[in-house]
2 protein chains.
Amino acid sequence: MGRGKTQVKLIEDRTSQQVPFSKLRSGLHRKAFQLSVLCDAEIALVVFSPGGRLYEFANAG
Amino acid sequence: MGRGKTQVKLIEDRTSQQVPFSKLRSGLHRKAFQLSVLCDAEIALVVFSPGGRLYEFANAG
DNA sequence: TTGACTATATATAATTT
DNA sequence: TAAATTATATATAGTCA
């Protein structure tokens with residue numbers, strides 16, 4: 001998306017991963033939230049960054 | 001998205017939830033996959049539909 | 001950097017078949 | 001009708017402050 005078309009392939013450089021990781025993770029979280037609200041779905045989402053940091057989303061349904 | 005703007009609020013009618021649920025769940029899965037590949041992230045995603053069906057995505061990192 | 005912008009790719013609501 | 005299409009809303013890659 002955006003100005004360039006992205007290949008779904010590994011961004012090799014760890015530093016270059018950081019901004020995309022942050023943006024995509026945040027978008028994924030938003031989508032999970034929307035699905036949970038719109039369709040009354042229970043969702044758990046767990047993401048570990050390459051650096052080993054944990055991010056999670058969960059709703060109680 | 002699409003032709004109408006969607007409110008982030010519960011679709012009350014269970015039948016009317018079904019198509020959006022299927023589309024949004026599939027989009028969420030795709031986004032999770034993209035994040036896992038692009039940024040070498042480990043992700044687990046668990047979704048229960050209102051009907052109690054389980055959908056999951058996980059990558060081994 | 002971290003965040004804002006914006007041009008453009010993508011996702012999807014409504015529609016059609 | 002379930003799948004394909006299409007028009008449009010949304011997400012985001014690249015850019016810049």
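Every chain is numbered from 1 and lettered A, B, ... according to where its sequence line falls, protein lines coming before strand lines.
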Side-chain donor/acceptor of Asn59(A) to backbone N/O of Ile43(A), under 3.5 Å | yes

Atom CZ of Arg30(A) and atom P of dA11(D) are separated, to the nearest Å, by 4 Å

Rounded to whole Å, CD of Gln7(A) lies from C1' of dG14(D) at a distance of 16 Å

dist Gln34(A):CD -> Leu28(B):CG (nearest 0.5 Å) comes out at 10.0 Å

Contacts of Ser16(B) meeting side-chain hydrogen bond (donor to acceptor under 3.5 Å, both in side chains) (sequence neighbours excluded), chain-then-number -> Asp13(B)

Counting heavy atoms not belonging to Phe33(B), are there more than 12 under 6.0 Å from its CZ?
no

Rounded to whole Å, the CG-C1' distance (Leu24(A) to dA11(C)) equals 14 Å

Between the OG atom in Ser49(A) and the CD atom in Glu42(B), the distance rounded to the nearest 0.5 Å is 9.5 Å

In this structure, CG of Leu38(B) is separated from NZ of Lys23(A) (nearest 0.5 Å) by 13.0 Å

CG (Leu24(B)) and SG (Cys39(A)) are apart, to the nearest 0.5 Å, by 5.5 Å

Separation of dA11(C) atom P from His29(B) atom NE2, nearest Å, is 14 Å

Dot-bracket assigned to DNA chain D with the 3.5 Å Watson-Crick/G-U criterion, [ ] for crossing and | for other-strand pairs, is .|||||||||||||||.

On a heavy-atom basis, the closest approach of Gly51(B) and Arg14(B) is N-NH1, 4.1 Å

To the nearest angstrom, the NZ-C1' distance between Lys31(B) and dT12(D) comes to 7 Å

Between CG of Leu28(B) and C1' of dT10(C) the distance, given in whole Å, is 15 Å

Phe21(A) atom CZ is separated from dT1(C) atom C1', nearest whole Å, by 18 Å

Donor-acceptor contact present, side-chain Glu56(B) to main-chain Leu45(B), <3.5 Å
no

Distances under 3.5 Å only, N/O to N/O: pair up the protein atoms with those of nucleotides 14-17 of chain C.
from    : atom 1 : to       : atom 2 : distance (Å)
dA14(C) : N6     : Lys23(B) : NZ     : 3.0

Separation of dG3(C) atom C1' from Gln18(A) atom CD, nearest Å, is 15 Å

Counting the atoms with a prime plus P, OP1 and OP2 as sugar-phosphate, which does Gln34(A) contact under 4.0 Å by heavy atoms, base, sugar-phosphate, or nothing? sugar-phosphate

